[in-house]
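Below, each value reflects all heavy atoms present in this structure, side chains not excepted, and no hydrogens, waters or symmetry copies. Lettering follows sequence order; numbering is per chain, from 1.
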Protein chains: 2
Amino acid sequence: MGPAIGSDLPASTEGLRRRNTSLVLRSLRQQGPATRAELAKRTGLAKATVGVIVGGLAEAAAVDEADSVPGGRGRPGRPVTLTGRGLLGLGLELNVDYVSAVLLDLGGRVRLSETRPATDAARLPALLELARDVVRREPAGRLVGAMVAVPGLVRGDDRSVAWTPNLDATGLAADVEAALDGRCGVSVGNDANCAAYAESHHGAATGVAHALYLTGTVGIGAGIVSDGRLQRGSTGFAGEVGHMPIGDSTALCGCGRRGCWEASVGLHAMLTAVGLPELATPLRSAQAVAARASADPAVREALARLGQDVGLGLAVLANVLDPEVVVLGGYFVPLGEHVLAPARRSLDERLPSAAQRRPELRLSTLGMEAAALGAAELALEGVFSGDVPVT
Amino acid sequence: MGPAIGSDLPASTEGLRRRNTSLVLRSLRQQGPATRAELAKRTGLAKATVGVIVGGLAEAAAVDEADSVPGGRGRPGRPVTLTGRGLLGLGLELNVDYVSAVLLDLGGRVRLSETRPATDAARLPALLELARDVVRREPAGRLVGAMVAVPGLVRGDDRSVAWTPNLDATGLAADVEAALDGRCGVSVGNDANCAAYAESHHGAATGVAHALYLTGTVGIGAGIVSDGRLQRGSTGFAGEVGHMPIGDSTALCGCGRRGCWEASVGLHAMLTAVGLPELATPLRSAQAVAARASADPAVREALARLGQDVGLGLAVLANVLDPEVVVLGGYFVPLGEHVLAPARRSLDERLPSAAQRRPELRLSTLGMEAAALGAAELALEGVFSGDVPVT
DNA sequence: GACTTAAGTTCGAGTCTCGTACTTAATGGA
DNA sequence: TCCATTAAGTACGAGACTCGAACTTAAGTC
């Protein structure tokens with residue numbers, strides 16, 4: 001009759017423990033270190049239960065116990081901190097002109113991160129070598145999972161890739177799994193989705209449950225975080241906003257149609273509008289434009305028109321999704337307020353009613369490694385959600 | 001650090017039982033009646049556990065046991081059916097020109113349903129009286145919850161209403177709660193959201209996990225069901241698609257701006273396009289238009305243009321949300337293929353890549369009571385999700 | 001140095017799931 | 001007709017877990 005809701009796995013008493021363990025972990029992540037007694041109050045669990053759970057977490061090297069801090073009345077508590085030394089998530093990114101890797105621990109600290117340039121046939125070998133290197137350099141701790149971010153359409157199975165521009169990603173998950181000696185499962189994700197997840201955990205939308213991430217390169221892609229979860233859609237292709245019919249309806253898009261949003265606000269449209277050439281990477285191109293903008297009012301003017309179309313598309317997205325924060329990444333970052341300010345204005349003009357407030361527009365703070373970082377965070381997700389046992 | 005994910009309530013052993021009970025209930029709802037042994041296979045629970053759980057459900061009059069059906073080898077099983085006589089959800093709708101109520105049991109059967117015309121100051125009293133009547137006529141069974149659907153912006157708390165056109169909904173939840181003698185909690189929901197939920201359980205998108213519902217009256221509203229859950233957004237206003245800048249960018253909207261989608265595809269735009277007058281209700285108006293369309297090619301032509309703009313907006317929504325099925329409700333229903341066919345065409349033209357398939361476009365099958373039915377279904381949700389104990 | 005306060009642990013009771021063994025109710029062949 | 005076979009459902013004990021109460025421990029306070 002109805003669609004599937006909630007987990008469809010039977011819950012055993014061990015599942016119960018996992019659930020409550022995840023409760024403690026999330027409390028430590030969101031509200032910071034706390035004594036067992038405080039944790040009991042925060043989670044609603046009994047003191048005794050928290051004691052057992054923290055014991056298990058300490059054994060798995062997920063938490064560390066600080067010295068007691070005297071000061072108040074009564075026996076002082078010993079604060080428990082989520083350091084997560086023992087549990088690691090690996091995030092990888094396979095992109096058109098580079099590969100990168102981020103090794104993240106459960107405490108949210110980046111243990112290692114590296115980006116290497118790579119193109120064409122050298123790409124996949126470079127990624128596999130990078131993965132091997134990173135894992136080899138940090139032998140301590142258990143690798144909980146790994147995820148590869150790819151600029152393309154990833155199916156709902158989190159493994160197979162339906163379509164990628166300019167690069168081949170068939171068999172990617174299996175290749176990476178082999179490179180890691182099968183130390184953990186490997187999944188594949190869309191780069192915008194991964195970056196969106198990263199922004200909602202480490203970046204400009206940290207702690208925001210409803211966030212939208214927009215990345216600008218040659219194409220335009222979005223990642224949707226709703227209620228803290230990534231929205232994937234029925235086939236995994238949600239957030240493919242580049243070809244929405246928005247902006248200049250006569251603009252010719254790379255896809256052959258007219259009026260796609262990215263034909264108005266993609267990298268090429270921006271460069272044509274300001275009259276500057278494309279450089280080696282989108283980021284370099286945008287930096288050059290930003291540098292020119294401070295001197296040339298015509299460039300600023302062109303960027304303002306671009307920003308207006310950005311705002312127009314964001315108005316659509318805001319009306320549909322009602323996000324709290326919108327993060328702009330990719331080539332938008334160097335352009336900063338040149339695009340943000342007019343985007344805010346056209347967004348304001350397009351908000352439906354007085355009751356609705358404008359979502360906050362922010363710039364990404366994570367740089368090139370946003371996608372890999374988000375992939376790592378997603379690799380660790382199972383622990384925080386209680387799906388993966390800590391012990 | 002990160003946003004809240006998953007339930008933040010501690011899980012006790014009773015919670016475990018609720019969870020597994022909900023597992024059995026969902027299996028019965030989705031896959032139909034089954035013997036205890038079959039249920040054990042379907043859910044992954046032990047036979048003994050299923051036995052205990054079914055016992056509890058039978059005691060609460062949630063399931064009924066049929067006679068054993070011989071035929072195969074071995075002892076025949078006794079199929080357990082989800083009749084849900086004992087557990088009821090009440091759905092109400094407060095609309096501009098009518099109020100309605102649906103009393104639904106856990107088995108998904110509509111026990112009672114009624115719609116009464118009401119306007120202006122008589123609206124709220126009519127709703128309260130209707131609620132009292134309906135509950136009085138079905139005294140057996142436990143009322144698990146009630147929900148009121150309202151055409152307006154409902155905040156994330158599921159109680160307070162931020163904005164409604166042409167009607168007052170302040171204190172609505174409390175008033176209904178009082179009318180029901182506090183027999184159950186009452187929440188408030190957006191009518192498009194409720195209707196969307198109804199379509200994904202009883203209507204044209206039954207069993208579809210990613211569905212989009214679009215209602216057409218004077219305004220245009222959407223309800224988003226993603227992974228079986230309603231998407232509400234950060235403030236509860238997700239799906240307010242009427243004022244997206246789509247369609248004829250010069251069309252003047254009731255909100256004072258130009259280019260809103262509903263200025264192109266709302267009821268008034270449609271009537272102006274075909275040159276027919278507005279009747280008492282949107283449905284009547286649309287029926288008159290449909291009647292005229294079969295004779296008048298100019299009307300068909302106008303509806304085709306309208307359908308094109310409908311498809312344009314759906315293309316945007318499909319790109320963002322990737323739904324499996326889109327259900328059109330409200331005034332679109334009488335117009336049927338006059339609008340659907342051109343909408344499908346313009347949607348096809350706008351799909352980004354070969355990898356992506358077009359979502360199926362269907363007409364709502366639920367009629368006037370869609371919203372109230374969905375509200376009732378939502379009132380029962382807590383039982384299926386395991387949040388509300390059955391006993 | 002005794003008292004107070006609060007953190008953390010120990011322990012027994014209660015609840016739940018699970019696997020195994022058992023009972024029950026049908027079929028099918030001798 | 002009777003008995004083996006098959007499969008559904010139940011009874012029961014083991015194991016895991018949470019919880020509250022009692023207890024121990026480590027500080028500050030009088």
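Leu39(A) pairs with exactly one of Val54(A), Leu45(A), Leu23(A) by the side chain to side chain contact (heavy atoms under 4.5 Å, CB included) rule, that one being Val54(A). In summary, of the residues considered (Leu104(B), Asp105(B), Val390(B)), a side chain to side chain contact (heavy atoms under 4.5 Å, CB included) with Leu87(B) occurs for Val390(B) alone. A side chain to side chain contact (heavy atoms under 4.5 Å, CB included) with Leu82(B) is found for one member of Val24(B), Val63(B), Asp64(B) and no other, namely Val63(B).
Ion pairing between a basic and an acidic side chain is recognised when a charged N comes within 4.0 Å of a carboxylate O; Glu377(A) and Arg29(A) show such pairing. Glu381(A) and Arg229(A) are not joined by a salt bridge, as no carboxylate oxygen comes within less than 4.0 angstrom of a charged side-chain nitrogen.
Taking atom CG on Leu45(A) and atom C1' on dG8(C), their separation rounds to 15 Å, with Å as the unit. Put simply, CZ on Arg73(B) is 10 Å from P on dT5(D), counting in whole angstrom units. For the pair Leu39(A) CG and dT9(C) P, the interatomic distance rounds to 12 Å; values are reported in whole Å. Between the P atom of dC18(C) and the NZ atom of Lys41(B) lies a distance of 16 Å, rounded to the nearest Å. Atom CD of Glu65(A) is separated from atom P of dG8(C) by 7 Å (rounded to the nearest Å). Atom CG of Asp67(B) and atom P of dA26(C) are 10 Å apart (whole Å). Rounding to whole angstrom units, CZ of residue Arg78(B) and C1' of dA7(D) are separated by 15 Å. In this structure, the NZ atom of Lys47(B) is 10 Å from the C1' atom of dC22(C), given to the nearest Å.
Note on Asn20(A): a side-chain N or O is less than 4.0 Å away from OP1 or OP2 of dT18(D). When the side-chain nitrogen and oxygen atoms of Thr49(B) are compared with OP1 and OP2 of dC18(C), one or more of them lie within a distance under 4.0 Å. Thr13(A) has no side-chain polar atom (N or O) that falls below the 4.0 Å cut-off from OP1 or OP2 of dC18(C).
The side chain of Ser12(B) lies closest to dT18(D) when the candidates are dT18(D), dT15(C), dG8(C). Closest contact between the side chain of Ile53(B) and the listed nucleotides dT17(C), dA16(D), dA7(D) involves dT17(C). Of the candidate nucleotides dG20(D), dA27(D), dC16(C), dC16(C) has the atom nearest to the side chain of Arg17(B). In the set dC12(D), dT17(C), dC16(C), the nucleotide with an atom closest to the side chain of Ala48(B) is dC12(D). With distances taken from any side-chain atom of Arg36(A) to the nucleotides dC19(D), dA25(C), dT9(C), the minimum falls on dT9(C). Of the candidate nucleotides dA26(D), dT17(C), dA25(C), dA26(D) has the atom lying nearest to any side-chain atom of Pro76(A).
Ranked by how close their nearest DNA chain D nucleotide is to the 5' end, Pro79(B) and Gly74(B) are led by Gly74(B).
Judged by distance alone, with hydrogens and angles left aside, Arg75(B) brings a side-chain donor or acceptor within reach of the base of dA8(D), the pair sitting under 3.5 Å.
The residue Ala37(B) sits close only to the backbone: its heavy atoms come under 4.0 Å of sugar-phosphate atoms, none of a base.
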